[in-house]
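Atoms considered below: every heavy atom in the structure, side chains included; atoms not considered: hydrogens, waters and symmetry mates. Quick caveat: nothing in here was measured; it's all calculated off a predicted structure. Order of listing sets the numbers, starting from 1, for every ligand and every atom in it. Throughout, residue positions are numbered sequentially from 1 according to the sequence presented.
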Amino acid sequence: MEKIRWGILSTGSIANSFVKDLQHVPDAEVVAVGSRTQESADKFADTYNIPKRYASYDALAKDADVEVIYIATPHSMHAENGIMCMRAGKAVLCEKAFTITASEAEQMIAVARKEKVFLMEALVTRHFPVIHKVLEWIKDGLIGEVRMVHANRCARGQFRQEQRHLNPELGGGSLLDVGIYVIGFASMIYGKPPVDAVGYGHVGEFGSDEQGATLLQYDNGALAVLSFALRTAAVNEAYIYGTKGHIKLPDLFAVPEKAILCVDGEDKVIFEEALVGNGLHYQVLEVHRCLRDGLLESPRMPLQESLQLMQTMDKIRAPWSFRYPNDN
Ligand SMILES: NC(=O)c1ccc[n+]([C@@H]2O[C@H](COP(=O)([O-])OP(=O)(O)OC[C@H]3O[C@@H](n4cnc5c(N)ncnc54)[C@H](OP(=O)(O)O)[C@@H]3O)[C@@H](O)[C@H]2O)c1
């Protein structure tokens, strides 16, 4: 089978993990990397034996050998980088959070449709084997009608101002960085956007939200209670409660390998499957499947849902006391 040729846009932390995990996809080949500097591009390319290395993202986008580009820049740059790549005719896998605002997401999606290129948000949790099993249990009615989702995605990190995580200039803050995981989780379980969303966020010393919590309500009265933090550690469990039973994911966001199905107060089934590598390649398998089937978006992570996730996050943070430069 002919290999699908990847370009890597930026050389930071997750870009390194991503390229390492591509080894688990036999029909993937990394042909080029683009960085803001030649030095980082060379270092990255030498480490992973990548033939072409560029000192600009633009040069990467213009490389005729590259079919699909993985965007791993800070949130504030996703829309600009994605639009540039798609206008150059490339398929794009763009890291979460998809953009900073719903308005930027609309622009990204409009360009994907105009250029007729594939675009997908890299919300990695959606592609884990354990998630497929959980969705199957729900579809088979094993816990009845889902009425409540509880999930935390919280960690205590030692971040400096210049790092992207809490830096508003780079789209930092807990909602966009890790809140997207729990909000995306609820969206996947319910298969629709909430009709209402409220939330609190604590804006810390760097001027972005260090932690927050949100309550989402769905049209049938179902709820999601979600928390997210970059400076507060918590037990990162997720629970899905239905009318007949519940499902517990003990460590969905760190070690997403186990789910427990509980019916009538008893643990009935335990699903366990060890993650391969860091688990980043599962989303690549989905990209490859879509590209080979000629799809312009993934049915598992549709563009309309990425837009709705940004709309929900816009709504949650609207009352908060800070704005991103991209909000203007
Ligand atoms: N899926 C996951 O599990 C996961 C995990 C962590 C992060 N992420 C997402 O991946 C993206 C990148 O996160 P990361 O932790 O890898 O970030 P990072 O280590 O800070 O790397 C970001 C890279 O973006 C480039 N960049 C362009 N403009 C920049 C600027 N003004 N300041 C800093 N870097 C800039 C740099 O690469 P060059 O110097 O080569 O241009 C930098 O190395 C984010 O969207 C994040 O939410 C996903």
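- Of all atoms in ligand 1, listed by their number and element, those nearer than 4.0 Å to a heavy atom of Ser35 are 38 (P), 39 (O), 40 (O), 41 (O).
- For the ligand labelled ligand 1, residue Phe18 lies outside the 4.0 Å heavy-atom shell.
- In the candidate list His165, Glu95, Glu169, Arg164, Glu95 is nearest to atom 1 (N) of ligand 1, counting heavy atoms.
- Ligand 1 has no nitrogen or oxygen under 3.5 angstrom from a nitrogen or oxygen of Leu280.
- Note: His24 and His281 have tilted aromatic rings, judged against thresholds of 30 and 60 degrees for the angle between ring planes.
- Per-residue contacts place His75 under 4.0 angstrom from the following atoms of ligand 1 (heavy atoms of the residue considered): 44 (C), 45 (O), 46 (C), 47 (O).
- When non-hydrogen atoms are compared, ligand 1 lies under 4.0 Å from neither the backbone nor the side chain of Tyr70.
- Here the options are Gln158, His202, Glu210, the test is side-chain hydrogen bond (donor to acceptor under 3.5 Å, both in side chains), and the partner is Arg231; only Glu210 passes.
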I'd like to know whether Glu95 forms a side-chain contact (heavy atoms from CB on, under 4.5 Å) with His78, so could you lay out the CA-CA distance, the side-chain angles of the two residues, the decisive distance to 0.1 Å, and finally the verdict. CA-CA 8 Å; Glu95 262 305 338; His78 290 176; 3.9 Å; yes
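- Protein heavy atom closest to atom 28 (N) of ligand 1, with residue, atom name and distance, is Met77 SD, 3.0 Å.
- Contact of the Arg317 side chain with the Thr101 side chain is registered, since non-hydrogen atoms from C-beta on lie closer than 4.5 Å.
- Applying the 4.0 Å criterion to heavy atoms of Ser10 picks out, from ligand 1, the atoms 23 (C), 24 (O), 25 (C), 37 (O), 40 (O).
- At least one heavy atom of His78 lies less than 4.0 angstrom from ligand 1.
- Under 4.0 Å from ligand 1, not a single heavy atom of Thr37 appears.
- In terms of protein heavy-atom proximity, atom 44 (C) of ligand 1 is nearest to Thr73 O, 3.5 Å.
- Not a single heavy atom of Phe253 sits under 4.0 Å from any atom of ligand 1.
- Under 4.0 Å from ligand 1, heavy atoms of Ser13 appear from its side chain as well as its backbone.
- For Glu2, the CD atom sits in a loose shell: 12 or fewer heavy atoms of surrounding residues, nucleotides or ligands are nearer than 6.0 Å.
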If you apply the rule side-chain contact (heavy atoms from CB on, under 4.5 Å), what do you find for Ile247 with Ile138, and how did you get there? CA-CA 9 Å; Ile247 296 167; Ile138 294 172; 3.9 Å; yes
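- Between Tyr48 and Phe44, the distance from one ring center to the other falls under 6.0 angstrom.
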Report the C-alpha separation of Lys43 and Thr11 in whole Å, then their side-chain angles, then the decisive distance to 0.1 Å, and conclude whether the side-chain contact (heavy atoms from CB on, under 4.5 Å) test is met. CA-CA 9 Å; Lys43 189 169 166 224; Thr11 59; over 6 Å; no
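- Given atom 31 (N) of ligand 1, the protein heavy atom at minimum distance is Leu170 CD2, 3.5 Å.
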Is there a side-chain hydrogen bond (donor to acceptor under 3.5 Å, both in side chains) between Gln308 and Ser187? Walk through the geometry before answering. CA-CA 9 Å; Gln308 283 162 353; Ser187 170; 5.6 Å; no
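- Annotation for ligand 1: atoms under 4.0 Å from non-hydrogen atoms of Tyr181 are 1 (N), 2 (C), 3 (O), 4 (C).
- Scanning all protein heavy atoms for the shortest distance to atom 12 (C) of ligand 1 gives Ala72 O, 3.2 Å.
- When each of Glu305, Lys96, Glu286 is tested with Arg126 by the rule side-chain contact (heavy atoms from CB on, under 4.5 Å), just one qualifies, namely Glu305.
- Note: Asn278 CG to Ser17 OG = 5.0 Å, rounded to the nearest 0.5 Å.
- Partner of Met108 under the side-chain contact (heavy atoms from CB on, under 4.5 Å) criterion, chosen from Met310, Met86, Glu121: Met86.
- Among protein heavy atoms, atom 45 (O) of ligand 1 sits closest to Lys96 O, 2.8 Å.
- If you look at Phe44 next to ligand 1, there are no close heavy atoms at all, none under 4.0 Å.
- Scanning all protein heavy atoms for the shortest distance to atom 24 (O) of ligand 1 gives Pro74 CD, 3.3 Å.
- Atom numbering of ligand 1 starts at 1 in the shown order; those under 4.0 Å from a heavy atom of Asp177 are 47 (O).
- The protein non-hydrogen atom at the shortest distance from atom 41 (O) of ligand 1 is Tyr57 OH, 2.4 Å.
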Before giving the answer on ring pair (Phe, Tyr, Trp, His ring centres under 6.0 Å), spell out for Phe206 and His165 the whole-Å C-alpha distance, their side-chain angles and the decisive distance to 0.1 Å. CA-CA 10 Å; Phe206 298 152; His165 307 81; over 10 Å; no
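- Within 6.0 Å of the CZ atom in Phe322, the count of heavy atoms belonging to other residues, nucleotides or ligands exceeds 12.
- With a 4.0 Å heavy-atom cut-off, ligand 1 is reached by the backbone of Arg36 and by its side chain too.
- Of the protein's non-hydrogen atoms, the one nearest atom 16 (O) of ligand 1 is Ile14 N, 2.8 Å.
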